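Notes for the one structure printed next.
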Amino acid sequence: MVRYLQDLKNILNAAFKAAGFDVDVIVRASDRPDLSDFQCNDALKLAKQVGQNPRAIAEAVKTQLDSESVFISISVDGPGFLNMKMQDAWLAKYATDMLGSDRLDLMVVDHPQKTVIDYGGPNVAKPLHVGHLRSAVIGEAIKRIIRMAGNDVIGDVHFGDWGLQMGLIFAGLEEKFNALPNLSDKSVRITMQDLSEVYPAASLRSKTDDVFLEKARDYTKQLQDGDLALRGLWKYCRDVSVNAISQNYDDLNIKFDLWMGEADVHDRLIALIKNAVHSGVIVEDDGAMIINIAREDDKKNMPPVLMMKSNGSVGYHGTDIATIEQRIDELRAQRIIYLTDKRQALHFEQVFRGAEALGFVNNGVPKLEYIGFGTMNGKDGKPFKTRDGGILRLEDLIDSVKQSGLKKVKEAGVAQDASESEQEKIALQVGVAALKFADLMNPVTTDYVFDLDAFTRFDGKTGPYIQYTAVRMQSLLAKAGSTGSDTITLYNDADRALAKEILSFQEAFADAYDKLSPHIICLKAYEIASKFNAFYHHCHIMKEDDQAKRDSWLALTSLTLKTLKKFAELIGIEIPERM
RNA sequence: GUGCCCGUAGCUCAGCUGGAUAGAGCGUUGGUUUCCGGAGCCAAAGGCCGUGCGUUCAAAUCGCGCCGGGCACGCCA
């Protein structure tokens, strides 16, 4: 819970009680900053319950509060809103507390949970493309937010390495090299380039060529049954893919704690199918092994979970369920969060029901959560494609964003004396911030238009605007040769508005954590940067003769910088030394 | 067919567990530089919140219908 709000709430609860109402009120930042700092609407809610005039209730509460010294004023407005204006010292006290706190007084959960977050989801042989971007960017931010709140979090890339796509790759490789590559021949070399050519072609062909598809299914089955040559080839392809993919994730500042995949649970899956057939949870249907998960009160068609296909191979229904068991057994997971494109919502509903049917969930533990994010569309409103109709590779996207960053840095001419490598580093930091902020500033469920021009624009509500603002603070503090005083005092509307905005970062964080919504802290960070710029233009810190005032303003600048850096840390971007 | 999501300013989007005058960015128009980095700041114009009915003291927000758009629905992932 956010402390300053809790303190304020305690005061209000006591006042409501003294007025004869035993309630737990809600206090929040005011919708009308011209009238108040905080508001409370509970008199309106109470009015209905107790059948009294809302304004009369509010007035009764106000009477109880008049002796409180923390308020400049309290008023009852409109139908019964309680508007509270706080003393400057009250706001300054909490701002000073934040200044002295490494974690900026951000909330900590009472009961930390071991949490696994499953994002990433790349596949063997497929280079990362823009479709993987959202999962990685959002997942990374959510992971960091949950971790900051005091939970033990493990991020798993969960590699797609065990389904039919493996058989398709093998069948495709066989075609390309006229035979399955023989790894004992040391001259054999398969590159990421080879894989990324073979797979799409094989996938396409399988849709019209039944013989080819059958062959791919056979290879999949043989691989899963333990064919040594295929297992060797599988490992080779997987290693090549992991190697290529991890560079992209590094560039984006995305770090997975685990690089597990579907294949890791194969033996566990086979064992659990056997047991569950015994207990009758899994039944045979049309040659396949399934779990019926439809319920009588279902309003929609609920297909069964397909644990094993009729040819004896397994797919991602099975591996996803076995992975839940594994995360409980081996990682002691109390909470598992999945992130995918929302088109997979049904799949996860099926998997969760399957896991429950198998008894993996006890008293709601682990808590299984699915976050389906919106699709990334082109300007035509259809799933994003490059100009020639292909899929944009993430690698190329990162490169173009970086180039755009470099161009801007050079145009601005600020780091001209910097080495070429430093300029490139700045360009990447700026480009990644542009990309991530553009993605995270909207709610995750929103479909959004992927517009490279808008992504790489550096004015307005963007990552670079926030970076630029923070860099100027660094420059200012360096010039002053001081980070200011240990306490913050407020002198005017500009520093007051900024201090209030910074305090509310705590609320934004708590809200973002509760709702697993990074966009809430993104919008708040923009507001903070914006308020700082207003303050910066209004208060000429270096020219201020009053030493105490100057030191307090420097302290406020330090606090703003700390807050933006904390924000950057939470969504996985960096504030450059200069830009 | 069944289920889910969406429709808010010229454009891209917030706001949706009901509350005061519906917000932001871009774009447009105007102002701002003897001054800490102007990638900035200040301001203006711009909206039957798809539509109809209902619930309520109060609806962009809740319920139902309709119109328009998107997505998913057993051997792909």
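Just so you know, these numbers use all the heavy atoms, side chains as well, and skip hydrogens, waters and symmetry mates. All chains are named by letter (A, B, ...) in the order of the sequence lines, taking the proteins before the strands, and each is independently numbered beginning at 1. The structure presented is a predicted model; accordingly, all values stated were derived computationally and were not measured.
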> Among side-chain atoms of A:Ser36 and A:Asn83, is any donor-acceptor pair under 3.5 angstrom?
Replying inline: yes

> With the threshold set at 4.0 Å, does a side-chain nitrogen-carboxylate oxygen contact exist between A:Lys9 and A:Asp42?
Replying inline: no

> Looking at the side chain of A:Leu306, which of B:A20, B:G74, B:A77 is the nearest nucleotide?
Replying inline: B:G74

> Who pairs with A:Asp495 by salt bridge (Lys or Arg N to Asp or Glu O under 4.0 Å), at least two apart in sequence or on another chain?
Replying inline: none

>> Output one letter per nucleotide in nucleotides 22-32 of chain B: B when a protein non-hydrogen atom lies under 4.0 Å from the base, S when only the sugar-phosphate is that close, - when neither is.
In response: --SSS------

> Distance between the P atoms of B:U2 and B:C66, in whole angstroms?
Replying inline: 11 Å

> With respect to the side chain of A:Leu35, which nucleotide from B:C35, B:A20, B:C76 is positioned closest?
Replying inline: B:A20

>> Measure CG/A:Leu164 against C1'/B:A77 and give the value in whole Å, please.
In response: 9 Å

> Taking the side chain of A:Pro304 as its heavy atoms from C-beta onward, which of B:A77, B:C41, B:G74 lies nearest to it?
Replying inline: B:G74

>> Within the supplied structure, the quantity of interest is the number of heavy atoms (other residues, nucleotides, ligands) at a distance under 6.0 Å from A:His537 NE2; does it exceed 12?
In response: yes

>> What's the gap between B:G50 and B:C6 when it is taken at their C1' atoms, as a whole Å value?
In response: 11 Å

> Quick one: side-chain hydrogen bond (donor to acceptor under 3.5 Å, both in side chains) partners of A:Asp297, sequence neighbours excluded?
Replying inline: none

> Just by distance, do the side chain of A:Gln474 and the backbone of A:Pro576 share a donor-acceptor pair under 3.5 Å?
Replying inline: yes

> Reckon A:Glu544 touches a base, only the sugar-phosphate, or nothing at all at heavy-atom distances under 4.0 Å?
Replying inline: nothing

Sub-3.5 Å pairs of nitrogen or oxygen atoms, protein against nucleotides 4-8 of chain B:
none

> Using a cut-off of 4.0 Å on non-hydrogen atoms, how would the nucleic acid contact of A:Val471 be classed: base, sugar-phosphate, or nothing?
Replying inline: base

> How far, in whole Å, is B:U12 from B:U56 if one measures between their P atoms?
Replying inline: 38 Å

> Roughly how far apart, to the nearest Å, are B:G46 and B:G23 at atom C1'?
Replying inline: 13 Å

> Rounding to the closest angstrom, what is the interatomic distance between B:U51 and B:C11 at atom P?
Replying inline: 15 Å

>> Quick check on B:C41: is either OP1 or OP2 less than 4.0 Å from any side-chain nitrogen or oxygen of A:Tyr465?
In response: yes

> Hey, are A:Arg28 and A:Asp511 close enough for a salt bridge, meaning a charged N less than 4.0 Å from a carboxylate O?
Replying inline: no

> Contact class for A:Gly163 vs. all strands (heavy atom < 4.0 Å): base, sugar-phosphate, or nothing?
Replying inline: sugar-phosphate

> Under 4.0 Å between a side-chain N/O of A:Tyr468 and OP1 or OP2 of B:A39, yes or no?
Replying inline: yes

>> Each nucleotide in nucleotides 9-16 of chain B should get exactly one letter: B, S or -. Can you fill that in based on protein heavy atoms under 4.0 Å?
In response: ---SSSS-

> With sugar-phosphate meaning primed atoms plus P, OP1 and OP2, does A:Ala288 contact a base, only sugar-phosphate, or nothing at under 4.0 Å between heavy atoms?
Replying inline: base

>> Heavy-atom count check: over 12 atoms from other residues, nucleotides or ligands less than 6.0 Å from A:Lys425 NZ?
In response: no

> Using a heavy-atom distance cut-off of less than 4.0 Å, which residues of residues 74-81 of chain A contact RNA chain B?
Replying inline: A:Asp77, A:Phe81

> Taking only residues at least two apart or on different chains, which pairs with a member in residues 523-546 of chain A satisfy salt bridge (charged side-chain N to carboxylate O under 4.0 Å, His left out)?
Replying inline: A:Glu501-A:Lys524, A:Glu501-A:Lys531

> Hey, does the side chain of A:Thr557 reach the backbone of A:Trp553 with a donor-acceptor pair shorter than 3.5 angstrom?
Replying inline: yes

>> Counting the atoms with a prime plus P, OP1 and OP2 as sugar-phosphate, which does A:Asp286 contact under 4.0 Å by heavy atoms, base, sugar-phosphate, or nothing?
In response: base

Under 3.5 Å between N/O atoms: give me all the protein pairs with nucleotides 59-66 of chain B, atom names plus distance.
none

> Quick one: salt bridge (Lys or Arg N to Asp or Glu O under 4.0 Å) partners of A:Lys126, sequence neighbours excluded?
Replying inline: none

> Looking at side-chain heavy atoms only, is the closest gap between A:Leu346 and A:Pro303 below 4.5 Å?
Replying inline: yes

>> Rounding to an integer number of Å, can you tell me how far A:His537 NE2 sits from B:G40 P?
In response: 9 Å

> For A:Arg55, which residues count as a salt bridge (Lys or Arg N to Asp or Glu O under 4.0 Å) partner, sequence neighbours excluded?
Replying inline: A:Glu59

> Expressed in whole Å, how much space separates the C1' atoms belonging to B:G15 and B:G52?
Replying inline: 24 Å

>> With side chain to side chain contact (heavy atoms under 4.5 Å, CB included) as the criterion, how do A:Asp341 and A:Phe373 come out once you've worked through the C-alpha distance, each side chain's angles and the decisive distance to 0.1 Å?
In response: CA-CA 5 Å; A:Asp341 185 309; A:Phe373 51 81; 4.2 Å; yes

> NA contact type, A:Leu476, heavy-atom cut-off 4.0 Å: base, sugar-phosphate, or nothing?
Replying inline: base

>> Has A:Asp209 got a side-chain atom pairing as donor or acceptor with A:Val211's backbone, closer than 3.5 angstrom?
In response: yes

> How are the rings of A:Trp162 and A:Trp234 set relative to one another: parallel (under 30°), tilted (30 to 60°) or perpendicular (over 60°)?
Replying inline: perpendicular

> If we ignore angles and hydrogens, is there a donor and acceptor under 3.5 Å between the side chains of A:Ser558 and A:Thr483?
Replying inline: no

> Which value, in whole Å, describes the distance between the P atoms of nucleotides B:A14 and B:G7?
Replying inline: 8 Å

>> Parallel, tilted or perpendicular, judged at 30° and 60°: which one describes the rings of A:Phe348 and A:Tyr370?
In response: parallel

> So what stems show up for RNA chain B if we need 3 or more Watson-Crick or G-U pairs in a row, all under 3.5 Å?
Replying inline: B:1-7 with B:67-73, B:10-13 with B:23-26, B:28-32 with B:40-44, B:50-54 with B:62-66

> If you look at every strand shown and take non-hydrogen atoms under 4.0 Å, does A:Ile541 touch a base, only sugar-phosphate, or nothing?
Replying inline: base

>> Considering every strand and a 4.0 Å limit on heavy-atom distances, what is the contact class for A:Asp341: base, sugar-phosphate, or nothing?
In response: nothing

> Under 3.5 Å, is there a donor-acceptor pair between the side chain of A:His132 and the main chain of A:His129?
Replying inline: yes

>> Short of 4.0 Å, heavy atom to strand atom, which residues of residues 45-54 of chain A count as contacting RNA chain B?
In response: A:Lys48

> In terms of side-chain heavy atoms of A:Ser530, which of B:G19, B:C76, B:C41 is nearest?
Replying inline: B:C41

>> Any base atoms under 4.0 Å from A:Cys522, or only sugar-phosphate, or nothing? Heavy atoms, all strands.
In response: nothing

> B:G18 and B:A59: how far apart are their C1' atoms, nearest whole angstrom?
Replying inline: 6 Å

